[in-house]
Number of protein chains: 2
Amino acid sequence: MDRQRTEKNEDASARERPTLKTLAFMTGLGVTTVSRALKDAPEIGAETRRRVQLVAKQIGYRPNRAGVRLRTGKTNVISLVLNTEQEIMSFVSDIIYGVTEVIADTPYHLIVTPYSRSQDPLDPVRYLVETGSADGVIISRTQPNDPRARYMLERGIPFATHGRTDMGLVHPYHDFDNYAFAAEAVRHLAGMGRRRLALVTPPVGLSYYRHTVDGFADALSEAGASEVPFNIVSIDHSMEQIRTRTAQLMRRDIRPDGIISSAAAATLAIVAGIEDAGLKLGHDVDVVSKQSSDLLHLFRHELLVVNEDFRLAGSELARSVLGWIGGAAPGSLQSLSEPKGVVAYRGSD
Amino acid sequence: MDRQRTEKNEDASARERPTLKTLAFMTGLGVTTVSRALKDAPEIGAETRRRVQLVAKQIGYRPNRAGVRLRTGKTNVISLVLNTEQEIMSFVSDIIYGVTEVIADTPYHLIVTPYSRSQDPLDPVRYLVETGSADGVIISRTQPNDPRARYMLERGIPFATHGRTDMGLVHPYHDFDNYAFAAEAVRHLAGMGRRRLALVTPPVGLSYYRHTVDGFADALSEAGASEVPFNIVSIDHSMEQIRTRTAQLMRRDIRPDGIISSAAAATLAIVAGIEDAGLKLGHDVDVVSKQSSDLLHLFRHELLVVNEDFRLAGSELARSVLGWIGGAAPGSLQSLSEPKGVVAYRGSD
DNA sequence: CCAATATACTGAAACGTTACAGATTGCCAA
DNA sequence: TTGGCAATCTGTAACGTTTCAGTATATTGG
């Protein structure tokens, strides 16, 4: 018969997860000492510290997240807030990988907090803050005057935005220089002799809408080209809509001879629309498009592309949030990614 | 001068998050009673129950996750385990949305647990189980003999796999019927008069590799068509490789007049390869491809597609895991999604 | 040699929750 | 009246962690 155990931790063969108590029993120390030894507190003797850390490593001790979280309030969680309908597809995938890349060797977990088109974008953020579910938050689809950023700033929770705001408030962000993108695109098209340019914009209301439109407008006047208004669509519209309206546009007398597109998926529809109208890409019209993965050149060789790296964005955003959590100044955690230029197909045909 | 507060919860105006203690103070009951009233325990009077729940709703009480987790071990977390390099892009995005859709009105959070090509796929799963970080796990890239499934079955942690296993063990899964996909694709091509078919397979080693290859082979002999071996690539290869090797294949004397592709991205490369070889899609060769978002027909009208719905997969997987957690029999939580048939372009030109 | 102080360690309390083992009340059968 | 019992409610302990307020021992200065 087994002798009844009085203390569960006396049974070293117990297959249960080790806790500080286990370590304390094994080393003959108190739990307080063990706790401090593990985090290199100064008032612990050097040898004791080493001994504790050795044993901890040996038996694979890992702090219980719930314990830590309950006691300290620290969740070790970063939350990525995503719109479940309107995000660019590769954005979701790449930004997640970018984030996980950075937090891989930290104790942080990534949770994805979704919200739908019909919800107030502030809802998920409010939930996270009110329930204290995360130490840091990453949001996308940033607006010039973004209530979410303002809210989190008020509540003092670290966050980073994908895209800049324009509220006179300082916070970490990562952004792609869409002003430069649009301007370079215009210059490139102008350099090819294109004179009447149309722009398929980002969603109206988001910060990078303005940046893109401004870059487009400034470069346009500088290059002496003119705009063919095409405000009827943005990249948030369905492929169907973009396609039909592009076809309509291209059938008009004064049609653009150059189009700039802010997203790859929209570009597929734009090209379809161009061809629906019986025109030829690269001949009647040239298209410069942003893309985040290298697909467009397989689609049509004639396309001109500018690459935006969402994985990089994810990494930068994660770094920013972690930095803020770690006490860095929010103003020092901002980054802007410059387009690498318009690239034409340099392929095997 | 403010009277010093002896109990923090006596100060009803405190802006702090309400706990059971707060509710207990407000209702004049004990915390135990409040706790039970909130979860509809039978030994609580009907009026008390209503009263407690009313107050709880009024002040916006939400259980502290760390408290629950520490006490009960329940994490209220579902973990989605993803390979950071080899997943299909739209898969990541769609499956996440599918999962979040289902867990939206549950207390569950979704955490994404990544692993890289160089890691043992068992690593992240082992981590999750050892640290008790999730109540349920979803894995993809399932293998016929999958160590992860075996491991989780041994440890008794609820999970669901995207793709079936073949170990004689029963567990929840969701799968797309890739046997049917390949067979239908073959039949469709044969019906068009195509006789020499090549298959671009899923990654060798994954469960759906076998299903796809079997469906291909069976339908092939049934239709009296022949296979042009093309084992040199799978959809896990780079676009470059697929493209080059397709071009090589298509330049040979005995080249396929029909190709079946298991993923949209690969299809882009395949088509590029076909055109590199100077052949015309829809004329010299037809291609049937799986896709998960409606892009391929914009790419080339001549493509034949079969749709796979990853968002549905995400929902089904989440439902399965929640079901298992909720006590349902694992064997009753399996689903297979049938292809809706090969669809040709029915577009506007 | 004593007091002061530095060094190394420790127990108890608390975070918010649930489970266990009562406690109190009212009602009914005997 | 009393014992039994159902119906409600309650205090305490525990989950694993960190922090507070110590304690014990060795070391130093005078």
Side-chain angles (χ1 to χ4, degrees), chain A residues 6-9 14 16-53 55-56 59-77 107 130-133 135, chain B residues 6-9 14 16-53 55-56 59-77 107 130-133 135:
Chain A
T6 48
E7 273 284 343
K8 93 171 181 207
N9 282 306
E16 297 194 329
R17 190 141 95 96
T19 70
L20 287 183
K21 213 160 140 194
T22 320
L23 283 179
F25 177 74
M26 295 182 74
T27 56
L29 297 164
V31 294
T32 305
T33 311
V34 172
S35 172
R36 299 182 122 149
L38 287 177
K39 49 174 55 77
D40 289 321
E43 61 269 68
I44 301 297
E47 197 208 308
T48 305
R49 178 171 25 241
R50 273 200 310 277
R51 198 159 59 92
V52 170
Q53 289 179 353
V55 177
I59 66 173
Y61 167 78
R62 294 168 181 268
N64 178 305
R65 309 190 118 232
V68 176
R69 181 164 170 178
L70 181 57
R71 177 67 235 247
T72 64
K74 183 130 209 280
T75 62
N76 283 313
V77 161
E130 281 176 0
T131 61
S133 290
D135 296 335
Chain B
T6 48
E7 272 285 342
K8 93 170 180 204
N9 282 307
E16 298 195 329
R17 190 142 97 94
T19 68
L20 287 183
K21 211 160 139 193
T22 319
L23 283 180
F25 177 75
M26 295 181 75
T27 55
L29 298 164
V31 294
T32 304
T33 311
V34 173
S35 171
R36 300 183 120 151
L38 288 176
K39 46 172 58 75
D40 288 320
E43 60 268 69
I44 302 297
E47 196 208 308
T48 306
R49 191 191 348 261
R50 274 199 310 276
R51 198 159 59 90
V52 170
Q53 288 178 355
V55 178
I59 66 174
Y61 167 78
R62 296 170 181 265
N64 178 305
R65 310 189 117 234
V68 176
R69 180 164 170 177
L70 181 57
R71 178 65 237 244
T72 65
K74 184 131 208 284
T75 61
N76 283 315
V77 161
E130 281 176 2
T131 62
S133 290
D135 296 335

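Because only heavy atoms are used, hydrogens play no part in the values below, and waters and symmetry mates are left out as well, while side chains stay in. Only a predicted model underlies this, so the values are computations on that prediction, with no experimental measurement involved. Per chain, numbering begins at 1; letters A, B, ... match sequence-line order.
B/Tyr61 pairs with exactly one of B/Val34, B/Leu38, B/Val55, B/Val52 by the side-chain contact (heavy atoms from CB on, under 4.5 Å) rule, that one being B/Leu38.
Closest heavy-atom contact between B/Arg65 and B/Val77: NH1-CG2, 4.3 Å. In this structure, A/Thr131 and B/Arg62 approach most closely via the heavy-atom pair CG2-CD, 3.3 Å. Nearest heavy atoms, B/Ser35 versus B/Leu20: CB-CD1, 3.8 Å. Among all heavy-atom pairs drawn from B/Ala24 and B/Gly30, the shortest one is CB-C, 3.9 Å. A/Ile59 and A/Pro18 get closest at one heavy-atom pair: CD1-CB, 3.7 Å.
To the nearest angstrom, C1' of C/dG16 lies 13 Å from CD of B/Glu16. Note: CG (B/Leu20) to P (C/dT18) measures 6 Å, nearest angstrom.
Considering only side-chain N and O atoms, B/Thr72 lies nowhere under 4.0 angstrom from the phosphate OP1 or OP2 of C/dT18. Between D/dG16 and A/Lys21, no contact under 4.0 Å exists linking OP1 or OP2 to a side-chain N or O.
The side chain to side chain donor-acceptor pair (under 3.5 Å) check on A/Thr48 picks up nothing, with sequence neighbours excluded. B/Asn64 meets the side chain to side chain donor-acceptor pair (under 3.5 Å) test with no other residue; sequence neighbours excluded.
Contacts classified as salt bridge (charged side-chain N to carboxylate O under 4.0 Å, His left out) and involving residues 30-46 of chain A (residues at least two apart or in different chains) are given here: A/Arg36-A/Glu43, A/Asp40-A/Arg49.
Defining each end axis of the helix from C/dC1-D/dG30 to C/dA30-D/dT1 as the rotation carrying four pairs' C1' atoms onto the next four, with five pairs an end, the two axes are found to diverge by 60° to 10 degrees.
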Checklist entry - With the sugar-phosphate defined as primed atoms, P, OP1 and OP2, and the base as all remaining atoms, what B/S/- string results for nucleotides 5-13 of chain C, 5' to 3', for protein heavy atoms under 4.0 Å? => result ---BSBBBB
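Of the residues in residues 61-70 of chain A, those placing a heavy atom less than 4.0 Å from an atom of DNA chain C are A/Leu70, in numerical order.
By the 4.5 Å heavy-atom criterion applied to side chains, B/Arg69 and B/Asn76 are not counted as neighbours.
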